[in-house]
Amino acid sequence: QSDWEGFGIIIDSYEASTEDKIEQLKSTTLEQKKTLSGRIEAVLAKWNSGKPTDSVDSLNDNAKIKNISSFITEKAEEMRTLSEEIEKMDKQLGIFELEAMQLDVYNQLKSEIEEYESNWSLIGKFEEAFGVFTNSEWVQVKSRMHEFQELGQKWMDEELTSSTGSATLMQTRLKERLRGWLTCVPALALCRGDSFSTDHWLELFRTIGVERGTSVDKLKLSSLLEKSKELNDSSIQEKLKRINERAHVEISIRESLAEVELWAGGTEFSFLEARDSTGKQVHLIKDWSDLLGELGDQERLISTLKESP
């Protein structure tokens with residue numbers, strides 16, 4: 001009898017000890033649950049203070065794009081870590097039959113960050129595709145604008161068109177930006193500057209508002225695309241046409257003057273010896289009529305240059 005009583009005491013003591021440990025584990029689990037909920041709230045607060053706005057201005061600043069993308073990637077990684085910990089916590093709460101976590105805030109935050117991550121990954125892909133052109137010097141890329149147009153049209157038809165028929169905000173923003181670029185491509189033909197002098201370039205820069213101090217050899221396509229609004233202005237296009245016309249005329253003038261100078265420097269007179277009616281020896285210019293004809297041609301050329309605008 002005493003043995004059974006002793007055994008019963010041991011069993012009771014073990015059960016009491018086990019219950020204490022279970023209660024301790026429950027208490028620890030609830031503390032972990034509270035801590036995890038606090039971390040979710042902390043991520044939410046940081047996200048709300050740092051998430052990008054809907055302003056299209058962000059799309060025109062490569063440094064800002066990089067910072068925003070890094071921020072979103074960081075928060076997305078934090079959410080993936082939280083997701084793993086929440087899964088473990090759910091199992092632990094279930095084991096102890098404790099109340100499950102309230103995840104409305106987490107689920108909403110997770111959905112929003114995933115949407116931003118998807119959108120901004122599209123921006124990264126966009127910048128990588130078009131950066132080949134936009135980050136290149138204009139003098140190098142101006143002959144490849146047909147390739148730029150083809151790439152732009154492909155993006156308009158594929159990457160920036162939703163398969164569900166409902167475009168995301170980022171697709172809409174990028175499509176607006178790309179449409180502005182493609183619309184100004186014809187006007188960019190007026191900025192090739194194949195016949196421009198330094199003065200013509202300076203006048204072009206002033207006309208469309210390129211940043212002062214920009215040199216022709218350092219001018220990038222992106223600098224011109226930033227002025228797509230100005231380039232699409234019909235009055236500005238007329239000014240650009242006049243700059244091009246003057247440049248072509250000035251080239252013609254320089255070439256014509258060089259031709260006159262070359263003729264004057266290379267023409268030599270040949271003389272014939274003869275005598276006048278008194279018998280005096282005189283020198284006559286040989287082929288005089290031909291020389292007069294050539295001289296008349298040069299005079300008409302100079303007269304044409306005077307009439308040029």
Side-chain angles (χ1 to χ4, degrees), residues 50-77 113-163 167-194 196 201 204-205 207-233 236 240:
K51 68 180 179 181
T53 64
D54 293 337
S55 174
V56 75
D57 293 339
S58 299
L59 304 183
N60 297 321
D61 188 328
N62 288 333
K64 188 176 289 186
I65 288 175
K66 185 176 181 180
N67 290 337
I68 291 174
S69 296
S70 297
F71 175 79
I72 293 174
T73 300
E74 177 186 332
K75 295 308 164 193
E77 186 59 37
I113 290 179
E114 286 176 348
E115 181 181 357
Y116 271 79
E117 186 179 26
S118 174
N119 284 338
W120 283 84
S121 67
L122 180 64
I123 288 184
K125 188 177 179 181
F126 181 92
E127 290 298 324
E128 182 179 356
F130 287 93
V132 176
F133 295 95
T134 59
N135 296 327
S136 297
E137 282 76 19
W138 174 234
V139 293
Q140 296 176 342
V141 79
K142 63 184 180 182
S143 61
R144 299 177 56 202
M145 292 312 294
H146 62 287
E147 298 177 36
F148 179 81
Q149 284 182 296
E150 290 172 1
L151 177 64
Q153 195 55 57
K154 181 179 179 181
W155 266 74
M156 292 288 279
D157 295 338
E158 299 176 9
E159 301 291 346
L160 301 181
T161 299
S162 174
S163 58
T168 65
L169 175 62
M170 194 56 66
Q171 284 179 320
T172 302
R173 296 292 194 192
L174 289 174
K175 183 172 283 190
E176 289 174 359
R177 185 185 187 190
L178 184 54
R179 185 180 291 113
W181 287 0
L182 295 178
T183 303
C184 77
V185 167
L188 286 174
L190 298 172
C191 302
R192 285 179 61 93
D194 296 335
F196 280 13
W201 280 112
L204 182 144
F205 288 173
T207 300
I208 64 176
V210 172
E211 184 178 354
R212 179 173 293 186
T214 303
S215 60
V216 177
D217 58 332
K218 297 298 182 182
L219 176 67
K220 293 186 177 182
L221 174 58
S222 58
S223 299
L224 294 174
L225 293 177
E226 287 173 4
K227 302 301 176 182
S228 58
K229 181 178 179 180
E230 289 81 358
L231 288 169
N232 287 324
D233 187 305
I236 288 180
L240 296 178

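In what follows, residues are counted from 1 in the order of the sequence shown. The structure presented is a predicted model; accordingly, all values stated were derived computationally and were not measured. Just the heavy atoms: all of them, side chains too, but no hydrogens, waters or symmetry mates, feed the values below.
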Quick check: does any side chain N or O of W201 sit under 3.5 Å from a backbone N or O of S215, one acting as donor and the other as acceptor? no
Checking the side chain of S222 only, and the main-chain atoms of T134 only, is there a donor and an acceptor separated by less than 3.5 Å? yes
Between K142 and L221, does the side chain to side chain contact (heavy atoms under 4.5 Å, CB included) criterion hold? Intermediate values first, please. CA-CA 8 Å; K142 63 184 180 182; L221 174 58; over 6 Å; no
Of all the heavy-atom pairs spanning V132 and E128, show the shortest one and how long it is. CG2-O, 3.9 Å
Euclidean distance, T207 OG1 relative to L190 CG, rounded to 0.5 Å: 11.0 Å
Closest non-hydrogen atoms of C191 and L240, given as atom of the first, atom of the second and distance, are SG-CD1, 4.3 Å
With a 4.0 Å cut-off, would you call R177 and E127 a salt bridge? yes
Does some side-chain heavy atom of L178 sit less than 4.5 Å from a side-chain heavy atom of M156? yes
Evaluate the criterion side chain to side chain contact (heavy atoms under 4.5 Å, CB included) for residue pair I123 and S69; output intermediate values, then yes/no. CA-CA 9 Å; I123 288 184; S69 296; 5.5 Å; no
From N67, N119, I68, residue fulfilling side-chain contact (heavy atoms from CB on, under 4.5 Å) relative to P52: I68
Audit row: F148, L225, side chain to side chain contact (heavy atoms under 4.5 Å, CB included) steps and yes/no: CA-CA 12 Å; F148 179 81; L225 293 177; 4.0 Å; yes
Contact summary for E230 and E226, nearest pair of heavy atoms: OE1-O, 4.4 Å
Can you find a heavy atom in the side chain of L219 that is under 4.5 Å from one in the side chain of E137? no
Applying side chain to side chain contact (heavy atoms under 4.5 Å, CB included) to L231 and V185, what does each step give before you reach the verdict? CA-CA 9 Å; L231 288 169; V185 167; over 6 Å; no
Between CD1 on residue I72 and CD on residue E115, distance to nearest 0.5 Å: 10.5 Å
Backbone N or O of E114 within a donor-acceptor pair of the S118 side chain at under 3.5 Å? no
Count the heavy atoms of every other residue, nucleotide or ligand shown that sit under 6.0 Å from NZ of K51, and state whether that count exceeds 12. yes
Specify the closest pair of heavy atoms between A129 and L151, including all atoms of both residues, with the distance to one decimal. O-CD2, 3.6 Å
Donor-acceptor pair, side chain of K220 and main chain of S136, under 3.5 angstrom: no
Report yes if the side chains of T73 and E77 come closer than 4.5 Å at any heavy-atom pair, otherwise no. no
For K227 and I208, which heavy atoms make the closest approach, and how far apart are they? CD-O, 3.3 Å
If you round to the nearest 0.5 Å, how far is CH2 of W138 from CZ of R192? 7.0 Å
Going by an N to O cut-off under 4.0 Å, is there a salt bridge joining E159 and K125? yes
Would you say the rings of F126 and W181 are close, in the sense that their centroids are separated by under 6.0 Å? yes
Closest non-hydrogen atom pair, Q171 against L122: CG-CD2, 3.8 Å
Would R144 and E147 pass as an ion pair if we require N to O under 4.0 Å? yes
